[in-house]
Amino acid sequence: MKWQKLAKLTTVAVAAATILAACGANSSGSGSSSSSNSAAKQVLTRMESDVISTMDTSVLTDAISGQAAVDTMDGLYRYNGAKVEPAIATKIAEPTNDGKTYTYKLRKDAKWSNGDAVTAENFVYAWQRTVDPATKSQYAYLYSGIKNADDIMNGKKKADTLGVTAKDSHTLVVELEHAIPYFKTMVVNPAFFPQNQEVVEKYGSKYGTSSDKAVYNGPFKLTKWTGTNNSWTEVKNKNYWNAKAVKLSEIKVQVVKDSSTALNLFQSGKMDDVAISGETAQQMKNDASYKPLAQATVFYLELNEKKVPAFKNEKVRQAISKAINRKEFVNNVLGDSSIPAANVTPQNLAQTPDGTDFSKAAAKNSGDMTKYDAAEAKKLWTEGLKEAGVSSLNLEYLTDDTDGAKKSAEYFQSQLEKNLPGLKLTISTVPFKSRLTRSENGDFDIVMTAWGADFPDPITFLDLFTSDNSYNNGKWNSPEYDQLIQASKTTDVTDEDARSKDLLSAQEILTKEQGIIPLYQRAQGHLVNSKIKNLAYSPANTYNFVHTYLAD
């Protein structure tokens, strides 16, 4: 389903709201799963491609940790499919004071897994902690627009001046500096979840590093996670305010890094939901259990301009983009229904005021920069290297050590070395957490990364590449781009047409200059046990397991 078209570019993806409630027999045999047949104990088994990095919601940045946080914690609201529903808040708050004040009434029956009450003070503490520069949260920028947040992040004011207060233990008041049209969907992000101050301070730097060094207020509690292991279990949280709605007793998660292993686990009945790609996805596309899950997630290459000066040359970046045959890549390497990306904003995320898909509208004037053209790539490459004062480049391509990431890397290595004379690309595969750390520290030449929507608005992607954003690991910068993004969030924030023009212009600049190299929008191929019902998927690329159950 679609959201109603809102006034500020917030139409959500149809596919991203897919409800994966399969019906009929599973021809692959997953229906034989012994864990799924117990009437008394409902256990769902699923996979992740890598490990949890942290359960500290102030500092987590990756989708795997984000899913674990959504499973085990609640914020003000929760996505149920594409719909935002009250969670710790008793209802959806309507802003007052020209859109600048939000007052949230909180549930009095909400508790942490240790029995403590969930209070407005928990939100105040968490938000102040996240925006405090000392915490080094990469998501702190999401708080921009809340009163004093920018000054706090810039060290000009203390964290306790943030525009969030506890009027009483069950009334939270948020003051904005200006209206934020997507604020309702933004606070669903784990970066805005509450935190139990006593628990955080008890564990200090160890907080969130293992399942026993955190406390949970969501539908499940995390267990059997040591901080480094490749499996963990989420058990039903009896203290959850909405525990009556939770049907699953446990969710068991196992890290699986290659598609053939995932397929074997599914077909042998050991796993209820697995992700597959490449030849495995192509092999299973006609199976009744195959469910392509379209996501508001775009994969792209970041080029480290600080480490490789030649990347500052626009022609060099454009050449790399044009040397990649995205259509061939998604069809022959991924094989999972993903689509080539014309820019970093995914399709079906949002609309312009006239109802046009934002991503498609932005591609009209700059989409040719992502079209495969080997001859043009070679020409731009030769000219760019000459302007940069070099004749060749010997670079490292950093990526994850999963089967899919390795195959992607090998394809790009072949394409780029074939089409760009004088380029030598060495692939470096590392564990997911290591890749994140190296990316954040600027320890790479080229890295493939991805971003999934935190809320259904183009700004969740475009904000990443402003010159001062902590996620701009490649260090591309454009003063004009920065000005457009800033205008969309301030002077033009309540003017639908002006804001849309700002964002469209910014996207066109980013694509024209290839500040990052967009590759593809992911449609992840899943094999799903037909017994799974009410498995809802959100615009933020997360499952909601609150109403999920396994049918007999």
ask   = How about T511 and N343: does a side-chain donor come under 3.5 Å of a side-chain acceptor?
value = no

key: Salt bridge present between K406 and D401 (N-O < 4.0 angstrom)   = no

query = Salt bridge between K512 and E314, side-chain N to carboxylate O under 4.0 Å?
reply = yes

inquiry  = To the nearest 0.5 Å, what is the distance between CZ on F358 and CG on L504?
reply    = 4.5 Å

key: Sub-4.5 Å side-chain heavy-atom contact between K378 and P421   = yes

inquiry  = Quick one, M73 and M55 - any side-chain contact, counting heavy atoms below 4.5 Å?
reply    = yes

task = Could you tell me which non-hydrogen atom of S467 sits nearest to which non-hydrogen atom of N477, and how far apart they are?
result = CB-CB, 3.6 Å

query = For Y300, which of Y520, F461, W451 qualifies under side-chain contact (heavy atoms from CB on, under 4.5 Å)?
reply = W451

ask   = Going by atom types alone, do R326 and S321 pair a side-chain donor with an acceptor below 3.5 Å?
value = yes

message = Would you say Q138 and T61 are linked by a side-chain donor-acceptor pair, where the criterion is simply a distance under 3.5 Å?
response = no

message = For F299 versus R522, what's the shortest heavy-atom pair and its separation?
response = CZ-NH1, 3.6 Å

Ion pair check, D457 and R499, cut-off under 4.0 Å = yes

inquiry  = Is it the case that the side chain of E508 and the backbone of K364 share a donor-acceptor pair, with hydrogens and angles ignored and the cut-off at 3.5 Å?
reply    = no

task = Show the numbers, then the answer: is there a side chain to side chain donor-acceptor pair (under 3.5 Å) between S65 and S53?
result = CA-CA 6 Å; S65 303; S53 63; 2.9 Å; yes

task = Using atom types as modelled and distance alone, determine if a side-chain donor or acceptor of Y79 lies under 3.5 Å from a backbone N or O of K83.
result = no

query = Could you state the interatomic distance from CD (E480) to OG (S505), rounded to the nearest 0.5 Å?
reply = 7.5 Å

query = Counting only heavy atoms not in N286, do more than 12 fall under 6.0 Å of its CG?
reply = no

ask   = Do Q514 and T370 come close enough that some side-chain heavy atom pair is under 4.5 Å?
value = yes

message = Given 3.5 Å as the limit, does a donor-acceptor pair link the side chain of S144 with the main chain of Y141, or not?
response = no

ask   = Does a side-chain N-to-carboxylate-O contact under 4.0 Å join E396 and R438?
value = yes

query = So, does T460 use its side chain to make a donor-acceptor pair with the main chain of D454 at under 3.5 Å?
reply = yes

key: Derivation of the ring pair (Phe, Tyr, Trp, His ring centres under 6.0 Å) call for F183 and F455   = CA-CA 9 Å; F183 193 70; F455 46 90; 9.8 Å; no

key: K379/E383 ion pair, N-O < 4.0 Å   = yes

ask   = Would you say S259's side chain and S277's backbone share a donor-acceptor pair under 3.5 angstrom?
value = yes

Backbone N/O of S538 and side chain of N544: donor-acceptor pair under 3.5 Å = no

remark   = Output for pair (N529 CG, T45 OG1), nearest 0.5 Å, gives 8.0 Å

ask   = Which value, rounded to the nearest 0.5 Å, describes the distance between Q507 atom CD and I459 atom CD1?
value = 11.0 Å

query = Should the pair K501-D492 be classified as a salt bridge under the 4.0 Å nitrogen-to-oxygen rule?
reply = no

key: Over all atoms of both residues, closest heavy-atom pair of T345 and S359   = O-OG, 2.8 Å

task = Let me see the working for L510 and I516 under side chain to side chain contact (heavy atoms under 4.5 Å, CB included), right down to the final yes or no.
result = CA-CA 7 Å; L510 181 62; I516 49 94; 4.3 Å; yes

query = How many angstroms lie between CG in L142 and OG in S137, if you round to the nearest 0.5 Å?
reply = 8.0 Å

message = Show, in sequence, the C-alpha distance, side-chain angles and deciding distance for D272 and R46, and conclude whether the salt bridge (Lys or Arg N to Asp or Glu O under 4.0 Å) test is met.
response = CA-CA 6 Å; D272 297 309; R46 56 180 297 266; over 6 Å; no

message = Please check: side-chain N/O of T72 versus main-chain N/O of F220, any donor-acceptor pairing under 3.5 Å?
response = no

key: Donor-acceptor under 3.5 Å (K322 side chain, D368 main chain)   = yes

inquiry  = Do D62 and D50 have side chains that approach each other closer than 4.5 Å (heavy atoms only, starting at C-beta)?
reply    = no

message = Tell me if a side-chain donor or acceptor on N264 pairs with a main-chain N or O of S268 at a distance below 3.5 Å.
response = no

request  = Determine, using ring centers only, whether Y481 and F465 are less than 6.0 Å apart.
outcome  = no

task = Show the numbers, then the answer: is there a side chain to side chain donor-acceptor pair (under 3.5 Å) between N473 and S439?
result = CA-CA 6 Å; N473 297 316; S439 295; 4.9 Å; no

query = Taking the side chain from T261 and the backbone from K257, do they hold a donor-acceptor pair closer than 3.5 Å?
reply = no

task = Kindly give the heavy-atom pair with the smallest separation between S488 and L503, and that separation in Å.
result = OG-CD2, 3.5 Å

Pairing of E305 and R317 as salt bridge, 4.0 angstrom limit = yes

key: Minimum heavy-atom distance A350-P456, with the two atoms named   = CB-O, 4.5 Å

ask   = Considering only heavy atoms from C-beta outward, does the side chain of I532 approach that of L550 to under 4.5 Å?
value = yes

message = So L519 and L301, do their side chains get closer than 4.5 Å, heavy atoms only?
response = yes

request  = Please determine, by modelled atom types, if D273 and Y543 share a side-chain donor-acceptor pair under 3.5 angstrom.
outcome  = yes

note = Here the pair of heavy atoms bringing N541 nearest to Q67 is O-OE1, 4.5 Å

ask   = Are F192 and Y143 side-chain neighbours, meaning at least one heavy-atom pair lies under 4.5 Å?
value = yes

task = Take T449 and R435 through the test side chain to side chain donor-acceptor pair (under 3.5 Å) and record every step on the way to the result.
result = CA-CA 9 Å; T449 189; R435 196 261 298 165; 3.3 Å; yes

Any side-chain heavy-atom pair of V70 and F545 under 4.5 Å = no

